[in-house]
Amino acid sequence: MAIAADIMNPGAQWIPATESLDRAAQLMRELDVGALPVSDANERLCGIVTDRDIVVRCVAAGHDPAHTTAGDLVRGTPRWVSTLAEDEEVLAEMVAHQIRRLPVIDENKRLVGMISEADLARTLTDDQIAEFAERVYS
């Protein structure tokens with residue numbers, strides 16, 4: 001059985017809630033990712049902003065990404081798992097909340113990685129992946 005620390009892609013980076021969405025998009029390009037965890041002033045997770053959020057909820061809505069912050073787009077309770085969470089807990093969290101990316105937080109409440117669908121595909125059994133796909137995409 002794998003734990004989140006084994007599954008995750010290490011080295012994920014925060015973007016401060018006060019940072020503009022144009023900077024978020026640039027950072028996504030630099031890191032070759034489609035989502036960034038958003039941190040509050042205390043470097044605690046307050047949400048996630050995705051490339052789709054930037055396009056749909058900012059640009060397509062007529063807002064200026066240079067004057068809209070990452071914090072403006074985050075909503076709801078951020079979901080995450082501990083580095084020690086077992087693969088079944090990771091799957092349960094992603095399925096229960098219909099999410100495709102999940103931050104991994106260490107015992108000091110600091111971001112240490114992200115788990116994506118691709119990470120699951122590399123680590124989990126075919127049966128676990130099939131169950132995940134069926135429950136998230138149905």
Side-chain angles (χ1 to χ4, degrees):
M1 185 169 287
I3 61 171
D6 300 327
I7 301 169
M8 72 180 191
N9 186 348
Q13 290 187 345
W14 300 108
I15 188 157
T18 56
E19 193 66 69
S20 68
L21 292 180
D22 60 349
R23 179 62 191 131
Q26 292 164 0
L27 188 55
M28 285 180 192
R29 181 187 63 216
E30 291 167 16
L31 298 172
D32 193 27
V33 298
L36 292 171
V38 179
S39 69
D40 64 16
N42 296 316
E43 292 192 0
R44 301 287 194 245
L45 181 67
C46 65
I48 294 179
V49 65
T50 67
D51 47 6
R52 186 176 192 284
D53 290 334
I54 294 170
V55 172
V56 174
R57 296 182 52 221
C58 179
V59 176
H63 303 292
D64 181 355
H67 294 99
T68 305
T69 67
D72 291 336
L73 291 191
V74 297
R75 58 183 173 189
T77 302
R79 309 309 308 177
W80 56 273
V81 292
S82 128
T83 54
L84 300 176
E86 293 182 356
D87 53 12
E88 291 297 329
E89 183 181 344
V90 170
L91 286 172
E93 186 71 15
M94 293 176 83
V95 167
H97 300 284
Q98 298 286 299
I99 54 179
R100 297 182 177 122
R101 299 171 183 103
L102 187 62
V104 180
I105 307 294
D106 70 10
E107 61 278 354
N108 297 315
K109 303 295 183 201
R110 300 292 180 214
L111 176 72
V112 293
M114 290 282 283
I115 295 175
S116 69
E117 294 169 310
D119 298 319
L120 294 177
R122 283 191 298 274
T123 309
L124 303 179
T125 68
D126 289 344
D127 289 341
Q128 287 174 311
I129 294 167
E131 178 185 348
F132 171 77
E134 180 179 329
R135 292 174 66 192
V136 169
Y137 294 108
S138 59

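Everything numeric in this text was worked out from a predicted model, so none of it was measured. One is the number of the first residue; the rest follow in order along the sequence. For the numbers below, each heavy atom of this structure counts, side chains included, while hydrogens, waters and symmetry mates do not.
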Any non-hydrogen side-chain atom of [X] less than 4.5 Å from a side-chain atom of [Y]?
{"X": "Leu21", "Y": "Thr69", "answer": "no"}
{"X": "Leu36", "Y": "Leu27", "answer": "yes"}
{"X": "Ile48", "Y": "Pro103", "answer": "yes"}
{"X": "Val104", "Y": "Met114", "answer": "no"}
{"X": "Arg101", "Y": "Thr50", "answer": "yes"}
{"X": "Asn9", "Y": "Ser116", "answer": "no"}

Query - His97, NE2 atom: more than 12 neighbouring heavy atoms under 6.0 Å - result: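 Enclosed: over 12 neighbouring heavy atoms sit under 6.0 Å from NE2 of His97.
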Query - Asn108, CG: over 12 other non-hydrogen atoms inside 6.0 angstrom - result: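 Count over threshold, so yes.
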Nearest heavy-atom neighbours spanning [X] and [Y]:
{"X": "Gln13", "Y": "Leu111", "value": "C-CD2, 3.9 Å"}
{"X": "Met28", "Y": "Ala35", "value": "CE-CA, 4.2 Å"}
{"X": "Thr123", "Y": "Ala2", "value": "CG2-CB, 3.9 Å"}
{"X": "Cys46", "Y": "Ala17", "value": "SG-CB, 4.2 Å"}
{"X": "Val81", "Y": "Ala85", "value": "CB-CB, 3.9 Å"}
{"X": "Arg44", "Y": "Arg110", "value": "NH1-NH1, 2.6 Å"}

Look only at the side chain of [X] and the backbone of [Y], and say whether a donor-acceptor pair between them is shorter than 3.5 Å.
{"X": "Asp40", "Y": "Asn42", "result": "yes"}
{"X": "Gln128", "Y": "Thr125", "result": "yes"}
{"X": "Asp53", "Y": "Arg57", "result": "no"}

Just verifying a value: how many Å separate [X] [atom1] and [Y] [atom2], rounded to the nearest 0.5 Å?
{"X": "Asp119", "Y": "Asp6", "atom1": "CG", "atom2": "CG", "value": "11.5 Å"}
{"X": "Leu73", "Y": "His63", "atom1": "CG", "atom2": "NE2", "value": "8.5 Å"}
{"X": "Met8", "Y": "Leu120", "atom1": "CE", "atom2": "CG", "value": "13.5 Å"}
{"X": "Glu134", "Y": "Ile129", "atom1": "CD", "atom2": "CD1", "value": "14.0 Å"}
{"X": "Trp80", "Y": "Lys109", "atom1": "CH2", "atom2": "NZ", "value": "3.5 Å"}

Query raised in the report: If you measure only the distance, is there a donor-acceptor pair under 3.5 Å linking the side chains of Ser20 and Asp22?
Result: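 Short answer, yes.
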**Report entry** Intermediate values then yes/no, side-chain contact (heavy atoms from CB on, under 4.5 Å), Met94 and Val90
**Finding:** CA-CA 6 Å; Met94 293 176 83; Val90 170; 3.9 Å; yes
